[in-house]
Amino acid sequence: MNARLVWPAAALATAMLMVSCTGDAPVEIAENRPVAYVTAEGAPTDTSASPMPYMLMADSQVTVNDRCPVRKVRLSLRLPALYVNGRPVGFC
């Protein structure tokens, strides 16, 4: 590329970045980690009794799935759920 074209483009990109960063402070996103394994109705369950339990989230919602959509195994309490249309979807 021609050096005379690179510098104006870089300057323009820097100026646009600086203007876009002058807005409001960043918004903190609360992380909804799963807190327990539950039945479909939301009642606590023993993981040995139910091999594929749902997860109860910190906001009291129950995941829409009872198994990992990828590997088809039990959901992991270590991974945060992904919210799709306001409903949590758990992963393994």
Side-chain angles (χ1 to χ4, degrees):
M1 247 182 127
N2 190 348
R4 290 192 298 180
L5 296 177
V6 172
W7 284 107
L12 179 62
T14 304
M16 289 174 46
L17 180 64
M18 290 173 60
V19 169
S20 67
C21 292
T22 60
D24 296 333
V27 177
E28 278 191 44
I29 299 173
E31 197 170 307
N32 273 330
R33 289 221 179 252
V35 293
Y37 287 119
V38 295
T39 62
E41 295 79 28
T45 184
D46 180 19
T47 56
S48 61
S50 177
M52 298 293 180
Y54 293 83
M55 291 188 314
L56 178 67
M57 306 308 292
D59 63 354
S60 74
Q61 289 192 39
V62 176
T63 56
V64 295
N65 56 331
D66 64 344
R67 62 194 72 207
C68 180
V70 178
R71 294 179 25 212
K72 308 296 184 211
V73 297
R74 183 171 55 165
L75 299 174
S76 173
L77 291 176
R78 293 182 299 146
L79 295 173
L82 175 68
Y83 279 72
V84 179
N85 292 332
R87 300 287 314 270
V89 178
F91 292 95
C92 50

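Proximity of a side-chain donor or acceptor of N65 to a complementary backbone N or O of G90 within less than 3.5 Å is detected.
Put simply, OG1 on T63 and OH on Y37 are 10.0 Å apart, with the number rounded to the nearest 0.5 Å. Residue M52 holds its CE atom at 10.0 Å from NZ of K72, rounded to the nearest 0.5 Å. Taken to the nearest 0.5 Å, the CD atom of Q61 stands 5.0 Å off from the OH atom of Y83.
Annotation: side chain to side chain donor-acceptor pair (under 3.5 Å) contacts of S76 (sequence neighbours excluded): none.
Looking at P53 and R74, their side chains come closer than 4.5 Å, going by heavy atoms from C-beta outward.
Through direct or relayed side-chain contacts under 4.5 Å between Ile, Leu, Val, Met, Phe, Trp and Tyr, V73 connects to no other residue. Grouping Ile, Leu, Val, Met, Phe, Trp and Tyr by side-chain contacts under 4.5 Å, direct or through others, puts L56 with V35, V38, Y54, V62.
Hydrophobic clustering (ILVMFWY, side-chain heavy atoms < 4.5 Å, transitive): F91 and V84 are in one cluster.
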